[in-house]
Amino acid sequence: MMAFRPPNGVSDQPFDAQFMKGPVWRLEDPGQAVEAVATARPIGIQLIHGRFDPVVDLSGLGFRRIETLVTYEGPLDPAVGMPSGIRPGDPADANACREIAGAAFTHDRWHADPEIPDRAAVAFKGAWVENDLRGRADTVLIATDPDDARMVQGFLLVLERRGVAIIDLIAVAPRMQGRGVGRRLMTALSAACGGRCAIGRAGTQETNLDAIRLYERCGWRLVDRKITWHWTPRE
């Protein structure tokens, strides 16, 4: 497939493109939306996505409002101990974590867009998890049955950026939800990263009430809200 240079304010997304029928772009400047769409349509771009402040409205340009992403932040306590049943993860955990991701992630923008097949959404999240386990994440924590370390109950994948521990992905197996596994992982975040990072940060969808309750119970507060927009070609 011939490569095309995206317009200014737009970036190519080759990772995302693996799960669509063609190239994917990210719109970084909403002021470039008109040019992005005009350029994308004749060259087969399959998805343009972007997240912007709520005052931005791209609906008149063929974009669809997909979700609201909310960001929470809170302090990390380096003095807390590592909870039982939490261990470092490695690539050997990929199959178990991909299985959890396929069952647990339902609120993300890929699943929320009716024009993206569920199989593509599941494959996207699974590959994201595996990339983190293979070195993209700075910290990988696996929640297991305290009596059986082979029984994976959930995972936490963290990026550390300038003193902030960013939750890249967190998930708990559906069968274990509501049993304190998420809270154990959040405590483990402080234990593992608190010596290097003073602040924790996480983004989740406004519809993901379980995640929001978890962050708020940990004392984190809402600091940002963004709207996710998608453009896909329509015949």
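Both backbone and side-chain heavy atoms feed into the values below; hydrogens, waters and symmetry mates do not.
- In terms of heavy-atom proximity, Gly89 sits nearest to Asp93 at CA-OD2, 3.3 Å.
- Side-chain polar atoms of Arg184 and Gln153 form a donor-acceptor pair below 3.5 angstrom.
- With Glu67 contributing its side chain and Arg65 its backbone, the two residues share no donor-acceptor pair below 3.5 Å.
- Residues Phe19, Met20, Val24, Leu47, Ile100, Phe105, Trp110, Ile116, Phe124, Trp128, Val129, Leu133, Val140, Ile142, Val152, Phe155, Leu157, Leu169 make up the rest of the hydrophobic cluster containing Phe15, defined by ILVMFWY side-chain heavy atoms closer than 4.5 Å, directly or through other members.
- Here the CD1-CG distance, from Ile66 to Asp108, works out to 11.0 Å after rounding to the nearest 0.5 Å.
- For the residue pair Pro7 and Ala36, the shortest heavy atom distance occurs at CG-CA, 4.1 Å.
- Summarising the geometry of Val80 relative to Thr187, their closest heavy-atom pair is CG2-O, 3.8 Å, with the distance given to 0.1 Å.
- For the residue pair Val56 and Pro30, the shortest heavy atom distance occurs at CG1-CB, 3.9 Å.
- The hydrophobic clustering, which links ILVMFWY residues whose side-chain heavy atoms are closer than 4.5 Å, places Val223 and Ile227 apart.
- Counting heavy atoms from C-beta on, the side chains of Thr39 and Trp25 come closer than 4.5 Å.
- Linking Ile, Leu, Val, Met, Phe, Trp and Tyr whenever their side-chain heavy atoms come within less than 4.5 Å puts Val10 and Phe52 in one cluster.
- Judged purely by atom type and a 3.5 angstrom limit, Asp53 has no side-chain atom pairing as donor or acceptor with the backbone of Val55.
- In this structure, Asp77 CG and Cys218 SG are separated by 12.0 Å, a value rounded to the nearest 0.5 Å.
- Expressed to the nearest 0.5 Å, how far CG of Leu27 lies from CD of Gln13 amounts to 11.0 Å.
- At least one side-chain heavy atom of Leu159 sits under 4.5 Å from a side-chain heavy atom of Asp138.
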### Test log, rule side-chain contact (heavy atoms from CB on, under 4.5 Å), inputs Arg136 and Asp168
CA-CA 10 Å; Arg136 178 175 178 270; Asp168 197 36; 2.5 Å; yes

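- Distance check, rounded to the nearest 0.5 Å: NE2 of His49 to CH2 of Trp229 gives 15.5 Å.
- Arg196 places a side-chain N or O within donor-acceptor distance of the main-chain N or O of Ala192, the cut-off being under 3.5 Å.
- In the displayed structure, Glu216 atom CD is contacted under 6.0 Å by more than 12 heavy atoms of other residues, nucleotides or ligands.
- With hydrophobic clusters built from ILVMFWY side chains whose heavy atoms lie under 4.5 angstrom apart, Val172 does not share a cluster with Val122.
- A donor-acceptor contact shorter than 3.5 Å is absent between the side chain of Glu206 and the backbone of Val70.
- Expressed to the nearest 0.5 Å, how far CD1 of Ile48 lies from CG of Leu58 amounts to 10.0 Å.
- With a 4.5 Å cut-off on side-chain heavy atoms, Lys21 and Pro233 do not count as touching.
- Considering all non-hydrogen atoms of both residues, Gly200 and Leu76 come closest at N-CG, 3.7 Å.
- In terms of heavy-atom proximity, Pro23 sits nearest to Ala17 at CA-CB, 4.0 Å.
- Side-chain contact between Arg213 and Leu209 is present, with heavy atoms from C-beta onward closer than 4.5 Å.
- With contacts defined as side-chain heavy-atom distances shorter than 4.5 Å, the pair Met151/Thr144 does not qualify.
- Residue Asp90 qualifies as enclosed at atom CG: its count of foreign heavy atoms under 6.0 Å is above 12.
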### Task
Using the side-chain contact (heavy atoms from CB on, under 4.5 Å) rule, take Leu69 and Gln205 through it: C-alpha gap first, then chi angles, then the decisive distance, then the call.
CA-CA 5 Å; Leu69 186 83; Gln205 287 67 36; 3.7 Å; yes

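- With no hydrogens or angles considered, a side-chain donor-acceptor pair links Thr139 and Glu160 at under 3.5 Å.
- Annotation: side chain of Met186 is in contact with side chain of Ile170 (closest heavy-atom distance under 4.5 Å).
- Taken to the nearest 0.5 Å, the CE atom of Met82 stands 12.0 Å off from the CZ atom of Arg87.
- Two residues are said to be in side-chain contact when any heavy atoms from C-beta on lie closer than 4.5 Å; Arg201 and Arg161 fail this criterion.
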